[in-house]
Amino acid sequence: MTAPLLSGPGAVLWSDHLIVLPIVLPIAVAGAMFLMDERRHRLKAALSLGTVLAMLATALVLVARVTAAPEVYRLGDWAAPYGIVLVADRLSAMMLTLAGVLGLSALVFSFARWGRAGPRFHGLFLLLLMGVNGAFLTGDVFNLFVFFEVMLAASYGLVLHGSGESRIRAGLGYIAVNLVASLFFLVGVSLIYGTMGTLNMADLARRLASPPAEAGLFEVGCSVLGIAFLIKCSAWPLGFWLPTTYAAATAPAAAILAILSKVGVYVVIRLSLLLFGAGSSEGFGQGWILATGLATIAFGTVGILAARDLTRAAGYAVMISSGTVLAALGTGSAGALSGALYYLVGSTFAAAALFLLAEILQRGRDPADAAQPVFADEYRDPFDDAGATEIGRAIPATVAILGGGFLVCTLMLAGIPPLAGFVGKLAMFSGLASGTMTAPAWWLIAVLTLSSLGTLIPLVRLGIFSLWVPHDDPQPVLRTPELASLGVLLAACLALALWGGPALAYTEATVRWLSQPQDYVRAVLDAGVGKGASKGAPQSKAGAGS
């Protein structure tokens, strides 16, 4: 049986509708922003900051509330699978928190400079977060497509934000690739609906308990859908677009775009374990996911070795992170996947911080950028102080602060002790060694070990060039918002290492929950009817023992 979250007179409270807040709040604020004058920079910044803080607080509350059981929200009080449902469980709550921290850091960083470099930045930023949050929370594949398109449409504007030839070239290629991926997505969804008659994830899992009438066509649809997801999570050979696009984007845009590939990884994990963890199609595509993950790690490692600037290196680091999780999923080891989820969070924080550090360290060193100032009054001769207006406050020991942040990012991404990157990889190795050591397990251990070395060498080289090799350029100026945003990401990396035990326990419990798809099916399809508002039913809790 199921029980409503709250009961008794006046039980329908604002907290009953908390799960929908990460979707409704950003789209409402973004819509209001699009009606405002573009010169209202301070007001837009304040509204964006308040919205992102509210989304992060909501994500943290959901993490605490879904520890024992998931929460299901039925829009319009229509029962699944006929109505639209939002589902918050351990995995989606964790990803919401990751998106909230990245969004807060990138937004604060933009206050120093980039938020005023072009129109509609804050509105696009919030729409992107709305699409990301919706993708994490949705319970059916069609609405997943809708949220993906909202997310991608906003990302097109953010990639082009700030103008410049390099951004336009990279942005047009990025748009073309993702339009093709969206076409694959739509074709795959159509094939699945045509063969199964439903797109609700829980209902699909229930119907797959027995072989479908057109199993071959259904698996073709899943394969086409998988191609779309692999493009979006930058898997090799479909992720060639990511390093160039992210390197061309502005620093805050690149930092928040780091979560986009993880949305694709999230969907692959969700659908693989829910639809193909048991039933008639158990294990479908697992070998391909493993091979793709290993190839993505190898490609990213070679790319980061060849990188000549920090932004491209950070882009390849994002690919390595995605490939690591895919490969761990492909091994079928629950222990490896829990370590990979832990590594995913830390590596995403570190890659986003590296994008921000790269912008500060490389500021003014690119002649093309110097010739195309972001603001009309910003360019001046760096050696001519006459009439100059300081646009930033020089913080004592700026280079030392940047060097310390760079060291944290390097240790995290390379998986070197004592930070969370090492803990995550060690957890993956331990999970693989806890069972029979198969050939895929040995391949993953070998590739991850070589990847750590291949990541450490180029990052150390780029760090020496950026921080210790003498340059004629002026000392980097670290603005207060930039310091605050870097502080958030670096503090998150350190906190993940200091509280590694509870964090790993959370990811292990998450994998155990994902490995029991029947509990998810019961939670969604058997959710009890509650007393809801006219446009939505309150959240209900259901677990394995409901």
Side-chain angles (χ1 to χ4, degrees), residues 101-102 104-114 247 250-252 254-255 258 304 307-314 317 346-366 369-370 378 382-383 385 388-423 452 455-500:
V101 174
L102 282 184
L104 177 62
S105 302
L107 180 66
V108 171
F109 192 92
S110 72
F111 292 164
R113 184 182 187 219
W114 289 108
T250 63
I304 203 171
R308 290 296 179 265
D309 61 79
L310 285 176
T311 51
R312 292 190 70 86
S347 60
T348 305
F349 285 147
L354 194 59
F355 281 120
L356 304 183
L357 280 168
E359 199 276 335
I360 298 169
L361 293 173
Q362 297 176 353
R363 188 181 292 154
R365 291 183 179 175
D366 188 348
D369 289 344
E378 183 174 323
F383 302 103
D385 292 331
T389 300
E390 182 60 54
I391 60 173
R393 181 167 60 88
I395 299 177
T398 299
V399 175
I401 294 173
L402 297 176
F406 185 85
L407 178 63
V408 170
C409 294
T410 299
L411 295 179
M412 279 289 302
L413 294 174
I416 304 299
L419 295 184
F422 171 76
V423 177
S452 293
T455 301
L456 180 64
I457 293 173
L459 288 182
V460 169
R461 168 172 51 83
L462 292 170
I464 291 174
F465 175 79
S466 301
L467 293 164
W468 286 282
V469 173
H471 294 280
D472 294 332
D473 308 296
Q475 288 292 328
V477 175
L478 187 60
R479 303 166 175 87
T480 303
E482 295 169 342
L483 176 62
S485 61
L486 282 172
V488 169
L489 291 174
L490 297 177
C493 292
L494 295 176
L496 203 59
L498 293 174
W499 286 276

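It should be emphasised that the depicted structure is a prediction, and the values quoted were computed from it without experimental measurement.
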Between [atom1] on residue [X] and [atom2] on residue [Y], distance to nearest 0.5 Å:
{"X": "Glu482", "Y": "Leu356", "atom1": "CD", "atom2": "CG", "result": "8.5 Å"}
{"X": "Phe465", "Y": "Leu361", "atom1": "CZ", "atom2": "CG", "result": "11.0 Å"}
{"X": "Leu357", "Y": "Leu486", "atom1": "CG", "atom2": "CG", "result": "5.0 Å"}
{"X": "Phe355", "Y": "Leu310", "atom1": "CZ", "atom2": "CG", "result": "10.5 Å"}
{"X": "Ile457", "Y": "Ile304", "atom1": "CD1", "atom2": "CD1", "result": "11.0 Å"}
{"X": "Thr455", "Y": "Ile416", "atom1": "OG1", "atom2": "CD1", "result": "9.0 Å"}

Please tell me if the side chains of [X] and [Y] come closer than 4.5 Å, counting only heavy atoms from C-beta onward.
{"X": "Leu354", "Y": "Leu459", "answer": "yes"}
{"X": "Phe109", "Y": "Glu359", "answer": "yes"}
{"X": "Leu104", "Y": "Ser485", "answer": "no"}

Query raised in the report: Minimum heavy-atom separation for Ala497 to Ala420, with atom names?
Result: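 Smallest heavy-atom distance, with atoms named: CB-N, 3.8 Å.
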
Query raised in the report: For Ala313 and Leu462, which heavy atoms make the closest approach, and how far apart are they?
Result: CB-CD1, 3.8 Å

Query raised in the report: Hey, which of Leu489, Leu490, Leu494 is the one that makes side chain to side chain contact (heavy atoms under 4.5 Å, CB included) with Phe349?
Result: Leu489

Report task. Look at the side chain of Ser105 and the backbone N and O of Leu102, then say whether any donor-acceptor pair between them is shorter than 3.5 Å. Result ->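 No, the answer is negative, given that no donor and acceptor are paired below the 3.5 Å cut-off.
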
Report task. Take Leu419 and Val423 through the test side-chain contact (heavy atoms from CB on, under 4.5 Å) and record every step on the way to the result. Result -> CA-CA 7 Å; Leu419 295 184; Val423 177; over 6 Å; no

Report summary line: The side chain to side chain contact (heavy atoms under 4.5 Å, CB included) partners of Ser452 (sequence neighbours excluded) come to Lys425

Query raised in the report: Sequence neighbours excluded, which residues qualify as side chain to side chain contact (heavy atoms under 4.5 Å, CB included) partners of Ala350?
Result: Met412, Leu413, Cys493

